[in-house]
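Note that this is a predicted model, so its numbers are computed, not measured.
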Amino acid sequence: VQLQASGGGLVQPGGSLRLSCTTSGTYVDYYSIGWFRQAPGKEREGVSCISGSDGNTYYADSVKGRFTISRDKGNHQVYLQMNSLKSDDTAVYYCAADTRILGQCTITSTGTYGYWGQGTLVTVSS
């Protein structure tokens, strides 16, 4: 399984960005996919995930109502639409695939995520 995150950049507060995670590999569409971020000097934290079993989605409280995760299985893509961006959202964003096929995803731990893409930098600044 391979993943590649893209779509980061510089955006003003209140603006929007859409991150993409391009996935490849056998049965990749049945893996849960999570988005995580790491700001300078801080630990990596879970942002959102979508379950491989039923498409259930989960969000960190800090992004609820502003971020939306979605999946295009036909094109093996997972998206993170980020609206109303704040300076606190500045971080390197990573997508990752859970090693369990058809499981429920979680954003409270990275322990089940065995496949990681390279990060994409999101900078929210005026």
K.L.:
Determine yes or no for a side-chain-to-main-chain donor-acceptor pair under 3.5 angstrom, with Ser48 supplying the side chain and Tyr59 the backbone.
P.N.:
no

K.L.:
Between the side chains of Gln77 and Thr23, is a donor N or O closer than 3.5 angstrom to an acceptor N or O?
P.N.:
no

K.L.:
When you measure from the side chain of Thr120 to the backbone of Ser6, do you find a donor-acceptor pair of N or O atoms at a distance under 3.5 Å?
P.N.:
no

K.L.:
Between Thr90 (side chain only) and Val124 (backbone N and O only), is there a donor and an acceptor less than 3.5 Å apart?
P.N.:
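Confirmed, Thr90 side chain pairs with Val124 backbone.
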
K.L.:
Please answer: with hydrophobic residues joined when any side-chain heavy atoms are less than 4.5 Å apart, are Ile33 and Val1 in the same cluster?
P.N.:
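Ile33 and Val1: one cluster.
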
K.L.:
What heavy-atom pair brings Gly34 and Tyr113 nearest, and what distance separates the two atoms?
P.N.:
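In terms of heavy atoms, the two residues are closest at N-CE2, 3.6 Å.
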
K.L.:
Verify whether one side chain among Tyr93 and Arg37 offers a donor that lies under 3.5 Å from an acceptor in the other.
P.N.:
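Distance-only check passes for Tyr93 and Arg37.
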
K.L.:
For Thr57 and Cys49, what are the C-alpha separation, side-chain angles and deciding distance, and is it a side chain to side chain contact (heavy atoms under 4.5 Å, CB included)?
P.N.:
CA-CA 6 Å; Thr57 58; Cys49 67; over 6 Å; no

K.L.:
Leu102 and Tyr31: side chain to side chain contact (heavy atoms under 4.5 Å, CB included), yes or no, with the steps?
P.N.:
CA-CA 6 Å; Leu102 295 177; Tyr31 287 88; over 6 Å; no

K.L.:
Does Lys64 come within less than 4.0 Å of Asp61, counting only side-chain N to carboxylate O?
P.N.:
yes

K.L.:
Checking side chain to side chain contact (heavy atoms under 4.5 Å, CB included) between Leu17 and each of Leu80, Val122, Thr123, which is the one that passes?
P.N.:
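Going through the options one by one, the only one that passes is Val122.
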
K.L.:
Keeping the roles fixed (side chain from Asn75, backbone from Asp72), state whether a donor-acceptor pair exists under 3.5 Å.
P.N.:
no

K.L.:
Using the side chain to side chain contact (heavy atoms under 4.5 Å, CB included) rule, take Ser70 and Gln81 through it: C-alpha gap first, then chi angles, then the decisive distance, then the call.
P.N.:
CA-CA 8 Å; Ser70 62; Gln81 177 67 42; over 6 Å; no

K.L.:
Do Asp98 and Arg100 meet the salt-bridge criterion of a basic N to acidic O distance under 4.0 Å?
P.N.:
yes

K.L.:
Between the side chains of Thr106 and Thr108, does any donor sit under 3.5 Å from an acceptor?
P.N.:
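Short answer, yes.
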
K.L.:
Under 3.5 Å, is there a donor on one side chain and an acceptor on the other for Gln12 and Ser126?
P.N.:
no

K.L.:
Could you tell me if Thr22 and Gln4 have a donor-acceptor pair between their side chains, going purely by distance under 3.5 Å?
P.N.:
no

